[in-house]
Amino acid sequence: MDNGEVARVLAEIADLLELTGGNAFKVRAYRRAAQVVDLHPVPVARLAREGGLAELPGVGERIAEKIAELVETGGCREHARLAALVPAGVLELLRLEGVGPKTVEAVWHRLGVEDVAGLEAACRSGRVLEVPRMGPARAEAILGAIGRHRARAGRTLLHRAIGHAEPILERLRAVPGVRAAEVAGSVRRRRETVADLDVLVSAGDAAPVVRAFTGLSGVVAVLAEGPTKASVRLRCGMQADLRVLPPDAWGAALLYFTGSKAHNIALRARALRRGLKISEYGVFDREGRRLGGATEAEVYRAVGLPFIPPELREAQGELEAAEAGTLPRLVEEGDLLGDLHVHSRASGDGRSDLEALAAAGRALGRRYLAITDHSRSRPLGLDPQRLAAHAGAIRALDGRLRGKPHLLAGVEVDILPTGALDLPEHDLARLDCVVAGVHARFGDPAARNTDRIVRALRSGVVHVLAHPTGRELGTRDGYALELDRLLEAAREEGVALEVNAMPERLDLGAEGCRAARAAGGAGGDLDRRARRRAAREPPLRGVGGAPGVAGGEGRAEHAAAAGAATPPGAPRARAAARARVSRAGGGAPWCSRTGGRRGGCWRSGWSGSGRGTRWCWAWRAAACRSRPRWPARSAPSWTCWWCASWARLGGPSTPSAPSPRGARPACATRRWARPACPRRTWRRSPSARRRRWGGGSACTAATGPRSSWPAGRSSWWTTGSRPGPPRARRLGRRASAGRRGSSWRRR
DNA sequence: GCCGTTTTCGGCCCGACTGTTTTCAGTCG
Ligand SMILES: Nc1nc2c(ncn2[C@H]2C[C@H](O)[C@@H](COP(=O)(O)OP(=O)(O)OP(=O)(O)O)O2)c(=O)[nH]1
Ligand SMILES: [Mg+2]
Ligand SMILES: [Mg+2]
Ligand SMILES: [Zn+2]
């Protein structure tokens, strides 16, 4: 069982526990352990053998037992016990957007819904409405989520995500008042694949930014929109999340929005232990005084840590390493001296001739490029004769280039199923750079694949092992492999392991590189060797010792490919975009015909929980009645908002329909008296408001020992300014709180 | 279930937005 499989079981235990009423913190513990296992470079099977499981962060005695059981027996009794309690289809319901454990539990227990199809039927028939707190808007949202679930967008490759993000950033940076706009989240952490685009904007006034964002030309639906953040679905299928925060909170905001979630939680817990609080608004002490947050480094410093690069922020031990001063120095773009895996037009993979490749390499600042076209078993691959001619051409050009950059005559020789190389060794030995890789027959068992590759490495003519795992992101997993044995052979033979930069490959990836370092520990040595070598001689002669990493493939080619990409069209007018949005069924379900005024209720100015609602609950029904949105169907009686909304869902609307609810005309069903939409006469108690603004539904701030907020809080009420964390106040008031405050005073 | 610069017991990150109900719970970032 590999780490991915173990992680899946642990995560499923978390889901099962959640649906069977397990302790929420226990659920979190399993979920975190699953992530740690998933990202860990060393197979947990080996850790289990060697007794190293407990060293994984978030893995204690009990979870270690489960992992050991899993790798030994392929199963886990606890998992089996829980799985017997929950139908498989019910677990799948958790994957629906906007549907969480509470909703799943409710539809499963109260309605007997056991899979996605069952939930869909319940939404269409109206049965879901029997569940508490379930109304037509939620039913509609669930139907939408089911549709998207079936289309299953999946995760997007990093380079595509970056491409989608750029025009958005450009547009937002042009909004007056915007100081900075960056993409955060997993894109900034440079994960190989990402689920969405997380865009952070620094601006004193959030409202225009949110408007510009929801009005972007690529937006097909607005999923949520408030005074400081919004979420949209883009035409490309991705979701994009915007967050706007004031400039002096930039560091804290970037830290928050870059994540990962587990890193945030660990860092905030650390702050808590030191009597501090970290949020996206900054660092605060017990008295609520703000200690900083302008830069990320400032936030880390406040909890006694050095800056941690985004790529490491996965709660995989980087906080401990930072504390101990043992954070690794990352290989940066500027460390890349050359590219040892480049295809030209001479074989199928390349599109450029040698001159163009050299020019692209020069433009990227590479000191050397190895031209490594495919060998004969690949389509259009080189046989010995063509190879010799090609090598001659490369060397001739290299002579003319005078080191700008150095060109190396090479080849990417196929490793045949037997482990033999696809070209005679005496031909390979004449080249400057021999890259060897597996390109066909991926289905063999691990031992056989490993034998095959190890035999090739032992040939003595191979410099670099290309794309060592053979994976293609989103298409196929790597071939089965005994990575440990492969690393050992590479170390003995002095063969470098490639870090293939083709966006679909990224092979070795982060975990593979860490495994290689753990095995031979020579990545850093190779760096130094490479630098020294590049300073005085062409690369690769004399590479020996341990497996290191060699950059390769795709860099130059991709520069060319990226240049050819069509730039996205200019953003259209906001109004047009909005119209499209509403046609697409996005945005608020209520009263969107009445226009775009945002920021509190149209009539009372009240904005309850702080969202940019057009109608407070008391007013919206009345307003809708006075401007009927739905033509009064043949129904003679008045239709309350609830039932009218239900009718929009396409639910049964005639008295004879069998639906348990909403079927009979108007509101007899719901027994809402005709003047049912009352003006609000009650007034929320200040104490309730205080609780609400304590932050977090558990409201630990209001009850727990670390709560220091309430001290100053009553004044928020009496002054009418918006309560909340200090930085929220400013931004919130500008966005929408002014009207809200006065309306409250009026009552 | 995990974990400790207050703690080996008793905590567990913090905030925004939405739908719905008559004052918050649920979900998400
Ligand atoms: N403090 C805190 N921050 C969170 C939480 N969930 C998400 N975040 C922050 C950190 C995340 O990196 C950032 C963006 O959230 P996403 O859901 O988009 O996750 P992320 O981009 O990390 O991965 P993804 O590829 O989108 O799945 O928001 C949370 O529960 N607490
Ligand atoms: Mg994200
Ligand atoms: Mg996101
Ligand atoms: Zn290849």
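Source: prediction; values computed, not measured. Within every chain, numbering begins at 1; the chains are lettered A, B, ... in the order of the sequence lines, protein sequences first and strands thereafter. Note that these values count all heavy atoms, side chains included, but never hydrogens, waters or copies made by symmetry.
- No donor-acceptor pair closer than 3.5 Å links the side chain of Glu18(A) to the backbone N or O of Leu16(A).
- A sub-4.0 Å separation between OP1 or OP2 of dG29(B) and a side-chain N or O of Gln239(A) is present.
- For the pair Thr103(A) and dT27(B), the criterion of a side-chain N or O lying under 4.0 Å from OP1 or OP2 is met.
- Taking side-chain N and O atoms only, Arg28(A) has a distance below 4.0 Å to OP1 or OP2 of dC13(B).
- Of the candidate nucleotides dA16(B), dG19(B), dT27(B), dA16(B) has the atom nearest to the side chain of Arg243(A).
- Within the nucleic acid shown, Tyr256(A) comes within 4.0 Å of at least one base atom, counting heavy atoms only.
- At the heavy-atom level, Asn264(A) lies nowhere under 4.0 Å from the strands shown.
- Side-chain atoms of Glu314(A) and His263(A) include no donor-acceptor pair closer than 3.5 Å.
- Using a 4.0 Å cut-off, some side-chain N or O of Lys277(A) falls inside it from OP1 or OP2 of dG15(B).
- Among the protein residues, Ile265(A) comes within range of the nucleic acid bases, having at least one heavy atom under 4.0 Å from a base atom.
- Residue-level contact check: Ile278(A) touches the backbone only, with heavy atoms under 4.0 Å from sugar-phosphate atoms and none from bases.
- For Arg62(A), the listed nucleotide lying nearest its side chain is dG1(B); candidates were dC17(B), dG15(B), dG1(B).
- Residue Arg138(A) has its side chain nearest to dG19(B) when only dG4(B), dG19(B), dC13(B) are considered.
- Straight-line distance from the CD1 atom of Ile142(A) to the P atom of dG26(B): 14 Å, rounded to whole Å.
- Between Tyr281(A) and dA16(B), a side-chain N or O to OP1/OP2 separation shorter than 4.0 Å is present.
- With a cut-off of 3.5 Å on both Watson-Crick or G-U wobble distances, the partner of dG15(B) is given as dC28(B).
- One atom, CE of Met134(A), and another, P of dG26(B), lie 11 Å apart when rounded to the nearest Å.
- One finds a side-chain N or O of Thr228(A) lying less than 4.0 angstrom from the OP1 or OP2 phosphate oxygen of dC17(B).
- Within 4.0 Å of Pro101(A), counting heavy atoms only, lie sugar-phosphate atoms of the nucleic acid but no base atom.
- Comparing dC13(B), dT5(B), dC2(B) by their nearest atom to the side chain of Ala29(A) picks out dC2(B).
- Residue contacts shown for Val99(A) are limited to sugar-phosphate atoms, with no base heavy atom under 4.0 Å away.
- Checking side-chain atoms of Arg290(A) against main-chain N and O of Val283(A) turns up no donor-acceptor pair under 3.5 Å.
- Taking 4.0 angstrom as the limit, Arg133(A) places none of its side-chain polar atoms (N or O) nearer than this to OP1 or OP2 of dA25(B).
- Each of Leu56(A), Val71(A), Val37(A) was evaluated against Leu47(A); a single residue qualifies, Leu56(A), per the side chain to side chain contact (heavy atoms under 4.5 Å, CB included) test.
- When the shell of 6.0 Å around CZ of Arg268(A) is examined, it contains more than 12 heavy atoms from other residues, nucleotides or ligands.
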